[in-house]
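Count residues from 1 along the sequence. Keep in mind the model is a prediction, meaning the values are calculated, not measured.
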Amino acid sequence: PLAKMRVSRAMVVVAAAWSATTCAAAASKDPKDCEVCIATVAAVDALVDADEKKSVQSIIGALEAHCGDLQNERPNPALGPRDLKMCYYMLPIKTDVAAAMAMRMPKDRVCKKLRMKNDEICGVKYPVKVDQIPPDEMLAKLKKLRIKELRGILNDRGVDKSKIDNFVEKDEYIKEIMATQHLEL
């Protein structure tokens with residue numbers, strides 16, 4: 001009886017540790033994770049007729065229509081650079097995209113499944129929006145961002161990469177963003 005009690009206590013401790021790590025992983029999910037992929041899957045899904053949602057061929061046709069003709073360098077002009085990049089990642093694996101969408105998987109699950117084929121699919125993110133807000137509010141907002149995101153803002157504004165590479169402190173990135181505020185993203 002004493003040995004069984006020790007084993008059951010050990011199992012309870014292991015189960016508690018497992019559930020704590022699972023909850024922590026779920027809580028730390030990045031809301032921007034796979035955002036461009038999810039948007040592209042939603043746009044393709046909107047192009048497919050309701051009665052054709054389970055047809056792989058019609059989903060492939062919708063994906064090709066959404067992206068345009070990339071092989072002949074005639075992409076869809078309505079797409080932004082991030083969406084176009086997603087099309088370049090998705091078209092080579094369009095049958096996998098269509099098969100997952102035909103099973104009516106949620107859009108985030110489709111992207112997670114595609115991540116197994118190409119890890120870069122969930123790495124594409126939309127640029128960080130820095131609206132025309134008062135300088136003190138923008139400064140507070142910029143201080144909360146990571147250096148990687150600050151570098152992305154400066155890259156989107158066309159700031160010289162060699163200048164950005166010389167920055168050491170986060171404050172230097174923020175000063176440069178404030179100085180280039182007049183440039184569009």
Side-chain angles (χ1 to χ4, degrees), residues 21 23-47 62-94 97 106-185:
T21 57
C23 291
S28 67
K29 182 182 175 195
D30 184 14
K32 295 183 116 195
D33 193 34
C34 296
E35 67 179 339
V36 179
C37 177
I38 291 169
T40 303
V41 169
V44 170
D45 192 44
L47 292 175
L63 179 63
E64 290 172 344
H66 172 73
C67 292
D69 187 8
L70 297 180
Q71 287 183 335
N72 295 322
E73 296 184 12
R74 282 181 269 159
N76 183 349
L79 296 179
R82 305 303 195 287
D83 298 309
L84 193 59
K85 189 174 196 177
M86 187 55 56
C87 284
Y88 278 108
Y89 290 151
M90 282 188 171
L91 282 177
I93 56 172
K94 60 187 169 192
V97 175
K107 293 162 185 58
D108 60 332
R109 294 268 316 272
V110 170
C111 293
K112 298 291 187 215
K113 185 172 183 168
L114 295 175
R115 179 188 264 174
M116 290 183 226
K117 296 283 182 183
N118 184 348
D119 195 40
E120 295 175 344
I121 281 184
C122 287
V124 181
K125 294 182 178 13
Y126 288 118
V128 177
K129 298 276 188 208
V130 181
D131 303 327
Q132 297 296 349
I133 54 177
D136 55 334
E137 288 179 29
M138 180 153 71
L139 191 61
K141 187 176 180 181
L142 290 173
K143 285 184 177 181
K144 293 178 184 176
L145 296 177
R146 296 178 180 167
I147 288 182
K148 183 177 180 181
E149 293 169 322
L150 297 173
R151 289 176 69 96
I153 292 170
L154 291 171
N155 284 331
D156 290 341
R157 289 184 177 175
V159 177
D160 188 23
K161 187 171 175 10
S162 62
K163 184 176 183 179
I164 297 171
D165 289 340
N166 290 332
F167 292 154
V168 178
E169 298 290 327
K170 189 175 191 176
D171 290 336
E172 293 174 307
Y173 290 98
I174 292 172
K175 284 179 188 174
E176 188 65 26
I177 288 173
M178 297 298 273
T180 59
Q181 195 171 12
H182 62 282
L183 299 176
E184 290 186 27
L185 286 175

Min side-chain heavy-atom separation N76-D83 under 4.5 Å:
no
Closest approach of I164 and V159, non-hydrogen atoms and distance?
CD1-O, 3.8 Å
Heavy atoms only: give me the nearest K125-D33 pair and the separation to one decimal.
NZ-CA, 4.3 Å
Rounded to the nearest 0.5 Å, how far does CD1 of I93 lie from CE of M116?
11.5 Å
Separation of D45 CG from I38 CD1 (nearest 0.5 Å):
13.0 Å
Which residue in the set K107, R82, M86 passes side-chain contact (heavy atoms from CB on, under 4.5 Å) when paired with T40?
M86
Taking R74's backbone N and O only, do any of them form a donor-acceptor pair with N72's side chain (distance below 3.5 Å, no angle check)?
no
Which atom pair, heavy atoms only, marks the closest approach of L91 to C67?
CD1-CB, 4.0 Å
Using a strict threshold of under 4.0 Å (side-chain N to carboxylate O), is an ion pair present between K112 and D108?
no
How long is the gap from CD1 on I174 to CE on M138, to the nearest 0.5 Å?
10.5 Å
4.5 Å side-chain heavy-atom contact, F167 and L150:
no
Please evaluate residues V44 and V97 with respect to the criterion side chain to side chain contact (heavy atoms under 4.5 Å, CB included), reporting the C-alpha separation (whole Å), side-chain torsions for both, the decisive distance (0.1 Å), and the verdict.
CA-CA 10 Å; V44 170; V97 175; over 6 Å; no
For the student: nearest non-hydrogen atoms of N118 and Y89, plus distance:
ND2-CD2, 3.6 Å
Start with the C-alpha gap between H66 and L79, add the side-chain angles, then the distance that decides, and say whether side chain to side chain contact (heavy atoms under 4.5 Å, CB included) holds.
CA-CA 9 Å; H66 172 73; L79 296 179; 3.5 Å; yes
Side-chain donor/acceptor of K170 to backbone N/O of L142, under 3.5 Å:
no
For the CD atom of E64 and the CD atom of Q71, what is their distance to the nearest 0.5 Å?
9.0 Å
How about C122 and C111: are their SG atoms under 2.5 Å apart?
no
Looking at SG of C34 and CD1 of I121, how far apart are the two atoms once the value is rounded to the nearest 0.5 Å?
8.5 Å
Working to the nearest 0.5 Å, report the span between CZ of R109 and CG of L114.
12.0 Å
